[in-house]
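The first residue of the sequence shown is numbered 1, and numbering continues consecutively from there. Counting starts at 1 for both ligands and their atoms, following the listed order. Both backbone and side-chain heavy atoms feed into the values below; hydrogens, waters and symmetry mates do not.
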Amino acid sequence: MNVSTKTKRIFLSSPHMGGTEMKHVQNAFSENYIAPLGTNVDRFEGKLRQYLSISGALTTASGTAALHLGLRMLGVANDDLVLCQSFTFVATVNPILYQWAHPVFIDSERDTWNMDPDQLERAIKACLDGTLHEFSGLGFFKNRPPQLPKAIVPVHLYGMPAKMDRIMDIADRYGIPVLEDAAEALGSEVRGRKCGTFGEMGIFSFNGNKIITTSGGGALVSGDPRHIENGLFLSSQARDPEIHYEHSMLGYNYRFSNVLAGIGIGQMEMLDRFIAKRRNNFFRYRRELEDLPGIFFPMEPEGYFSNRWLTTLVFDANWYPTLRIPDLVAYFSEHNIECRPLWKPIHLQPLYRDYPYFGDGFGEFLFGHGICLPSGSNLSREDIALVILLLRDFLAKHKA
Ligand SMILES: *Cc1c(COP(=O)(O)O)cnc(C)c1O
């Protein structure tokens with residue numbers, strides 16, 4: 001293969017339309033429901049409920065908006081503590097600051113790369129025994145009275161389910177509600193139960209790069225109808241039931257477009273095929289790279305099912321002493337291929353570096369040693385073959 005003649009860009013995860021989306025969008029136009037409500041919104045929410053086997057789903061303007069609503073409904077407010085996964089995308093954490101609360105960062109464990117239950121329990125104990133300041137650079141955590149955290153926010157990063165059995169067990173023992181960030185994990189499961197349905201509430205994202213997309217959008221799901229009802233109220237400017245505009249609470253404009261919901265309906269029809277394709281991408285990468293020494297793919301623990309939203313892998317520095325992740329990303333980019341370093345842990349971000357952190361540096365290790373490979377459901381066999389060829393070529397140059 002002559003790689004230098006390659007012109008079409010290969011994306012990390014690009015939108016993949018199934019074909020019926022325009023028909024549902026057209027319906028919105030026919031009904032003139034170009035609004036943040038309508039039959040497409042109702043149908044899309046119905047499809048989500050059915051797919052997830054959960055009684056309540058509320059679509060929102062974004063996954064971030066759904067997280068913000070979720071925290072607000074759990075009563076997270078000024079000066080509260082929220083335990084959240086550090087190895088994630090910043091959107092998991094920003095809503096904690098929107099509520100003027102404080103994130104307490106929990107590192108990831110080795111199997112799933114998600115919230116480490118042992119570190120979670122350590123953090124809860126520190127919040128309760130007044131030693132939280134020992135884990136933070138911020139002076140104002142000193143002399144803080146013992147305080148029960150208001151919420152736990154685990155993430156199913158890259159589609160891999162977190163250790164929900166243990167996280168729920170700890171959460172129940174201490175009486176702390178769980179808000180699951182399943183933005184990347186639509187269709188992932190633990191023992192047949194869908195990610196996003198374990199906690200008090202869960203959220204999804206339909207942003208442009210997610211496993212299904214509506215160009216932008218999200219959903220809040222819950223088995224508790226009060227959360228869905230309150231979420232609807234808060235997301236439509238908290239308008240009180242009067243003929244005129246009457247407001248006694250602070251609300252938001254977080255509702256989802258009926259036009260975009262049409263895309264969502266069409267995408268839901270494709271979801272199972274998209275998952276099968278992304279899992280196939282993963283199996284193909286692994287099969288054709290596993291003969292190489294010093295590379296590691298995260299595997300599903302027994303009973304776990306990942307949608308394999310993105311195929312990720314890490315490199316052992318002993319085998320590839322001169323390999324630098326930014327160089328690898330640049331090398332792919334020169335060949336018109338988009339790949340990305342693993343997400344930078346949020347406790348290392350300048351915005352968040354002074355908040356408490358419980359961990360042993362595993363998230364930081366992942367950031368320094370791993371990448372996400374092109375993983376879209378619309379990649380061709382040739383696309384994947386090219387990525388594999390180039391990766392093998394790069395690794396050969398950096399082998400010890
Ligand atoms: C995409 C994403 C979000 C935010 O979703 P938006 O719809 O982009 O607001 C939150 N958390 C994680 C882990 C994500 O990947």
Using a 4.0 Å cutoff against the non-hydrogen atoms of [X], which atoms of ligand 1 qualify?
| X | result |
| --- | --- |
| T92 | 11 (N), 13 (C) |
| A91 | 3 (C), 4 (C), 10 (C) |
| T88 | 13 (C) |
| A183 | 2 (C), 3 (C), 10 (C), 11 (N), 12 (C), 14 (C) |
| S62 | 7 (O), 9 (O) |

Strictly under 6.0 Å, is that where the ring centroids of F394 and F332 end up?
no

Check each heavy atom of T64 against ligand 1 and say whether those closer than 4.0 Å belong to the side chain, the backbone, both or neither.
both

Side chain or backbone of I203 under 4.0 Å from ligand 1, or both, or neither, by non-hydrogen atoms?
neither

Closest protein heavy atom (residue, atom, distance) for atom 8 (O) of ligand 1
N207 ND2, 3.4 Å

Return the closest protein heavy atom for atom 11 (N) of ligand 1 as residue, atom name and distance.
D181 OD2, 2.7 Å

Under a 3.5 Å threshold, yes or no: a donor from one side chain and an acceptor from the other, between [X] and [Y]?
| X | Y | result |
| --- | --- | --- |
| R72 | Y98 | no |
| E184 | H156 | no |
| S13 | R278 | yes |
| Y33 | N40 | no |

G217: heavy atom below 4.0 Å from ligand 1, yes or no?
yes

Give the single entry among K210, Q85, E184, H156 that approaches atom 2 (C) of ligand 1 most closely by any heavy atom.
K210

Closest non-hydrogen atom pair between A28 and N258, with its separation
CB-ND2, 3.7 Å

Can you name the one residue among V153, L157, I106 that meets side chain to side chain contact (heavy atoms under 4.5 Å, CB included) with Q85?
L157

Run the numbers on F141 and H102 for ring pair (Phe, Tyr, Trp, His ring centres under 6.0 Å), then give the verdict.
CA-CA 10 Å; F141 281 112; H102 310 294; 5.2 Å; yes

